[in-house]
**Student:** 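Quick one: the structure is below, and I'll ask about it shortly.
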Amino acid sequence: MLQNSNDRFMEAEDVAEALGLGRATFLRKRNSLIINHGMPAPLPGQKNMRWYRDSMEKWLRQYGELKGHALRTAGSLVRIHVDRAQLTAVYAAGASA
């Protein structure tokens, strides 16, 4: 049985919502997402930008995992910096005593 054509595609509004962006913000960032983050390009020859739902949902999952990893890594770097500053303060206090 054939799927409804609307079920097979995502439009810019759908992708923007999935990314947590407004439509205008998504459209401004679209080329960067394609070039720098591997987002699929919209289907050619379409009046309105559309993407195959399956490929876009796969990319959204991968992009979310990458962003989550980047946030966890950044959080680790912050904790390391704070721990280093605390240790430096303890050693400096011990050296001056």
Side-chain angles (χ1 to χ4, degrees):
M1 178 180 226
L2 291 175
Q3 287 181 317
N4 181 341
S5 64
N6 291 335
D7 293 341
R8 292 184 53 215
F9 302 103
M10 290 181 80
E11 295 188 5
E13 293 81 11
D14 302 322
V15 179
E17 182 180 338
L19 290 169
L21 301 172
R23 184 180 188 280
T25 302
F26 167 67
L27 292 175
R28 277 194 311 275
K29 293 184 173 194
R30 178 177 54 93
N31 286 335
S32 175
L33 290 169
I34 292 169
I35 293 167
N36 299 320
H37 299 284
M39 184 181 93
L43 296 170
Q46 301 290 316
K47 182 177 179 180
N48 296 321
M49 280 189 283
R50 297 189 321 169
W51 291 261
Y52 282 118
R53 182 173 297 280
D54 291 343
S55 61
M56 184 54 76
E57 286 178 347
K58 179 180 176 183
W59 177 81
L60 286 165
R61 283 190 301 275
Q62 292 171 342
Y63 183 69
E65 291 170 6
L66 289 173
K67 285 297 186 182
H69 176 71
L71 289 174
R72 288 189 301 276
T73 302
S76 298
L77 294 175
V78 169
R79 284 191 302 279
I80 290 168
H81 179 71
V82 169
D83 290 346
R84 182 178 294 139
Q86 289 173 344
L87 286 172
T88 301
V90 169
Y91 288 131
S96 66

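Side chains included, hydrogens not; waters and symmetry mates left out as well; all remaining heavy atoms used. Residues: numbered from 1 along the sequence shown.
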**Student:** For a quick test of reading the model, state the closest non-hydrogen atom pair linking L21 to F26 and the distance between them.
**Tutor:**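 Minimum heavy-atom separation between L21 and F26: CD1-CA, 4.1 Å.
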
**Student:** Does W51 use its side chain to pair, donor to acceptor, with the backbone of P40 at less than 3.5 Å?
**Tutor:** yes

**Student:** Of E17, R50, M49, which is the lone residue that meets side-chain contact (heavy atoms from CB on, under 4.5 Å) with E11?
**Tutor:** R50

**Student:** Atom CG of N48 and atom CG of L43: how far apart are they, to the nearest 0.5 Å?
**Tutor:** 12.0 Å

**Student:** How long is the straight-line distance from CZ of R23 back to CD of E13, given to the nearest 0.5 Å?
**Tutor:**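 Between atom CD of E13 and atom CZ of R23 there are 4.5 Å.
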
**Student:** Does the S55 side chain pair with the main chain of Y52, one donor and one acceptor, at a distance under 3.5 Å?
**Tutor:** yes

**Student:** Between L60 and M10, does the side chain to side chain contact (heavy atoms under 4.5 Å, CB included) criterion hold? Intermediate values first, please.
**Tutor:** CA-CA 12 Å; L60 286 165; M10 290 181 80; 4.3 Å; yes

**Student:** Closer than 3.5 angstrom, by distance alone: can the side chain of R53 be matched with the main-chain N or O of R8 as a donor-acceptor pair?
**Tutor:**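 Not confirmed, R53 side chain does not pair with R8 backbone.
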
**Student:** Over all heavy atoms of both residues, which pair between P42 and I34 is shortest? Give the atoms and the distance, please.
**Tutor:** CD-CD1, 4.0 Å

**Student:** So does H37 get a backbone contact from the side chain of W59, meaning a donor-acceptor N/O pair under 3.5 Å?
**Tutor:**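 At least one qualifying donor-acceptor pair exists.
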
**Student:** Any side-chain heavy-atom pair from L19 and L33 closer than 4.5 angstrom?
**Tutor:**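 Yes - at least one pair of side-chain heavy atoms lies under 4.5 Å apart.
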
